[in-house]
Amino acid sequence: MKVLSPFFSVALTQSTLCAAQGYTNESEVPYYGLSPPVYPSPVGNGTTSNAWKNAYQHAKAIVSKLTLEEKVNVTGGFDGACVGNSGAVPRLSIPSLCFQDAPDGVRGQEFVSAFPASIHVAATWDRSLMYQYGNALGEEYHDKGIHVALGPVAGPLGRIARGGRNWEGLSADPYLAGAGMGAITRGIQDAGVIASAKHWLLNEEEWRRNPGNLGESESSNADDRTIHELYAFPFMDSLRDGVGSVLCSYQRVNNSYACQNSKLLNGILKTELGFEGFVVSDWEGQHAGVASANAGLDIVMPDQGFWGNKLTEAVNNGSVSTDRINDMATRILSSWYYLDQNKGYPSNGVYANDKKHDPVDVQGDHASLIREIGAAGIVLVKNTNNALPFTNSTRFLSVYGYDATLPPSPWNNPSRYGGGYEVNFGWNTFNGTLVTGGGSGGSTPPYVVSPIQAIQERISRDRGTLRWDFWSENPTPAYVNSDACLVFINAYASESFDRETLQDEFSDNLVKNVASNCTNTIVVIHSAGIRTVDTWINNPNITAVLFAGLPGQESGHSLTDVLYGEIAPSGRLPYTIAKNESDYGRLLNSTISFDAFPQVNFTEGLYIDYRYFDKEEIEPRFEFGFGLTYSTFGYAGLRVTANNGSSSTAELPDPDIAIVQGGHPQLWDELYTVTASITNTGNVTASEIPQLYVSIPNAPVRQLRGFEKVPLKAGQTKSVRFPLTRRDLSIWDVEVQQWRLQRAEYGIFVGASSRDLRLKGSVRIQ
Ligand code: BGC
């Protein structure tokens with residue numbers, strides 16, 4: 001038997017590794033789940049672009065003037081108004097940088113907007129809205145004087161259906177998540193704010209994400225190929241679009257804590273992906289001083305953790321090199337220069353809200369964008385008997401369920417760090433309408449337009465009639481003259497906990513009870529991710545069902561825009577909804593372990609969400625990419641063309657070309673173009689979201705590699721173009737440690753969802 005060095009273990013796929021070793025099962029491989037050491041930490045020097053080069057010149061110049069104590073000072077956190085506050089150097093006008101949550105709005109402050117959660121933005125499949133979202137968020141961070149926004153999120157990706165934080169991220173598909181990561185990063189940074197892509201990496205469950213009484217944190221064990229093709233993939237887009245900071249996650253990766261994991265930080269992030277900015281620890285996510293510094297961590301939060309004076313000592317005694325401490329400070333200040341924050345920045349407008357102060361109003365006109373994204377992210381999954389949209393004669397509505405109205409009061413929770421209170425609307429299921437999730441990723445709405453408020457506005461305008469019952473499980477009586485009965489339910493999720501269920505009895509009973517009395521029952525679900533619906537979805541009295549996501553402060557307006565057909569729905573599911581929870585198999589739950597060193601083996605490899613359902617041939621209730629609208633579309637004219645005029649191209653990127661931030665620049669070369677034409681064959685204006693799936697040989701059955709939102713008037717046809725980059729078509733070759741094109745035939749599919757494939761073709765790469 002060939003004996004492999006442990007350092008090689010993650011460079012091989014599990015199956016290769018097993019086979020090579022004569023094992024049948026990954027868990028038998030003695031060094032499965034070990035992380036190879038990668039040292040020393042690469043010194044950043046700003047080679048990606050002129051902007052980075054300039055930033056580095058300034059940063060290096062100022063760092064050369066700093067004493068060791070001052071350098072150490074900028075690498076740690078201090079008490080202050082924000083959730084994180086770095087050390088300042090007043091004599092050189094280096095300010096304390098303010099770090100603040102959350103990915104869907106400034107957390108814990110007044111006069112800030114509550115945007116839809118990221119998963120809702122992903123459900124729009126709209127690249128332009130993704131950018132506008134990031135940019136509007138960025139403006140609010142900027143105007144509050146926040147230097148570093150703690151988002152966007154692509155970890156968790158959504159490996160497990162019940163993951164508590166899946167809603168903070170974009171999608172269980174790395175390509176869709178990557179499109180959002182890139183666009184949101186650009187949006188935030190175009191407003192002058194440093195984005196912090198998080199949580200790097202494999203933070204896929206909340207159960208034992210941190211060490212505690214039971215022992216160490218869980219270790220997410222994944223093979224090298226899975227790390228690259230699935231989990232690191234969406235971060236590449238953020239890096240490519242210039243992200244200035246990356247936040248390392250809490251748990252262990254292949255048994256080494258993510259914030260001191262040299263393979264992840266020195267290796268993948270700073271070498272392979274050429275990261276120029278700084279790595280910040282998750283809050284209290286640092287577990288060793290010298291080890292984290294040498295593994296590539298640049299700044300620790302929320303305090304000085306294992307650094308401070310100890311880091312000074314470590315540099316003085318040579319355990320951490322002078323090059324490393326210089327690099328840490330240079331990277332932090334380079335990002336600050338890169339975003340031109342040195343050229344004047346609003347003063348800190350983050351306050352503790354228990355003290356009287358004058359809050360800075362940063363909302364701008366973002367409410368209209370929030371309303372638009374709120375509507376664009378609603379996914380219509382059932383619509384029979386022309387139940388929707390409502391018509392002019394729909395003037396009598398009955399409204400049921402706790403999720404239709406505001407909770408009795410917003411919960412005010414003093415936040416754990418810095419100034420502010422978290423204000424949660426719908427803190428848990430049954431308590432009121434859900435517009436965001438819980439924990440540090442929850443937004444802080446200035447107000448919430450509930451569904452009932454928006455419906456009232458409309459009914460009063462139409463001089464109609466409204467009846468309601470928010471709190472009963474079995475509401476009586478049924479109002480026989482109602483045109484429709486709307487039932488509102490939700491499914492909540494929060495940081496710190498994984499979900500216990502994807503459905504609940506009270507809500508399911510409520511839906512069934514209303515449907516038993518009303519032949520035109522329309523169900524609206526506000527959910528922080530997947531919500532199974534099979535106990536009632538086929539009930540003929542349930543005529544329409546909408547997944548209305550986590551829409552933010554304009555919730556009710558976004559919904560009525562769709563119900564009344566002001567806007568035809570265009571949201572598509574960013575995840576798979578199974579018929580039964582058990583259909584997710586081992587991808588349903590967190591791995592509950594009481595071991596001192598719990599191991600979570602990602603042995604499913606690349607096969608999560610629809611990749612898993614396709615492989616196992618499990619029929620989902622609603623597949624990834626699915627969503628209905630008020631019109632119908634025809635697909636025609638699939639063409640695949642090689643952009644250089646020939647289908648011959650090198651298998652590997654040119655090794656003589658230098659890496660820039662985001663990875664090898666040739667990974668982004670557009671090698672092929674797929675085109676198709678889409679026609680609106682119905683009677684109303686609506687948007688279609690054609691999706692491009694590619695069957696990459698030796699990989700999942702089909703993988704999303706393109707999408708576009710196409711607004712079309714009735715009868716109109718448009719041509720849609722999907723570029724295919726080298727990365728889109730490559731697999732990660734674990735032996736060569738590079739992205740590789742395969743000389744083989746690739747299947748090309750364009751369709752309306754991951755299973756509704758309307759056009760089929762192929763391309764052979766030679
Ligand atoms: C979360 C991060 C968050 C940080 C600061 C941590 O518990 O994991 O996502 O940015 O707290 O609030």
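Everything numeric in this text was worked out from a predicted model, so none of it was measured. Residues: numbered from 1 along the sequence shown. Counting starts at 1 for both ligands and their atoms, in listed order. Side chains are part of it too, since the values below use all heavy atoms of this structure and drop only hydrogens, waters and symmetry mates.
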Worksheet entry | Carboxylate-amine/guanidinium proximity below 4.0 Å for Arg240 and Asp237 | no
Worksheet item: If you look only at pairs with a residue in residues 167-223, which of them pass as a ring-ring contact (aromatic ring centres under 6.0 Å, His included), with sequence neighbours excluded?
Response: Trp200-Phe235, Trp207-Phe594
Fill in: Ligand-residue contact atoms, ligand 1 with Ser440, heavy atoms, under 4.0 Å
1 (C), 2 (C), 3 (C), 9 (O), 12 (O)
Discussion item. Quick check on contacts: which atoms of ligand 1 are under 4.0 angstrom from a heavy atom of Lys198?
Written reply: 2 (C), 3 (C), 9 (O), 10 (O)
Discussion item. Does only the side chain of Met301 get under 4.0 Å from ligand 1, or the backbone, or both, or neither? Count heavy atoms.
Written reply: neither
Worksheet item: With a 4.0 Å heavy-atom cut-off (strictly under), which part of Arg209 contacts ligand 1: side chain, backbone, both or neither?
Response: side chain
Worksheet entry | Exceeds 12 heavy-atom contacts within 6.0 angstrom, atom CZ of Phe497 | no
Fill in: Salt bridge present between Arg159 and Glu604 (N-O < 4.0 angstrom)
yes
Discussion item. Going by the closest heavy atom to atom 3 (C) of ligand 1, which one wins out of Asp101, Val280, Val83, Leu150?
Written reply: Asp101
Worksheet entry | Backbone or side-chain N or O of Asp282 under 3.5 Å from ligand 1 N or O | yes
Worksheet entry | Aromatic ring pairing Trp125/Phe624, orientation class (parallel under 30°, perpendicular over 60°, tilted between) | tilted
Practice prompt. Considering the heavy atoms of Arg107, write down every atom of ligand 1 situated less than 4.0 Å from one of them.
Written response: 12 (O)
Discussion item. For the residue pair Glu216 / Tyr257, report whether a side-chain donor-acceptor contact shorter than 3.5 Å exists.
Written reply: yes
Worksheet item: Which of the atoms in ligand 1, numbered in the order shown and given with their element, are less than 4.0 Å from a heavy-atom of His199?
Response: 2 (C), 8 (O), 9 (O)
Worksheet item: Of all the heavy atoms in Tyr250, does at least one lie under 4.0 Å from an atom in ligand 1?
Response: yes
Practice prompt. Kindly compute the distance separating CD1 (Ile227) from OH (Tyr231), expressed to the nearest 0.5 Å.
Written response: 9.5 Å
Worksheet item: For ligand 1, which part of Glu168 has a heavy atom less than 4.0 Å away: the side chain, the backbone, both, or neither?
Response: neither
Worksheet item: Which bit of Arg165 is near ligand 1, meaning a heavy atom under 4.0 Å away: side chain, backbone, both or neither?
Response: side chain
Discussion item. The criterion is ring-ring contact (aromatic ring centres under 6.0 Å, His included); which residues satisfy it with Phe278, sequence neighbours excluded?
Written reply: none
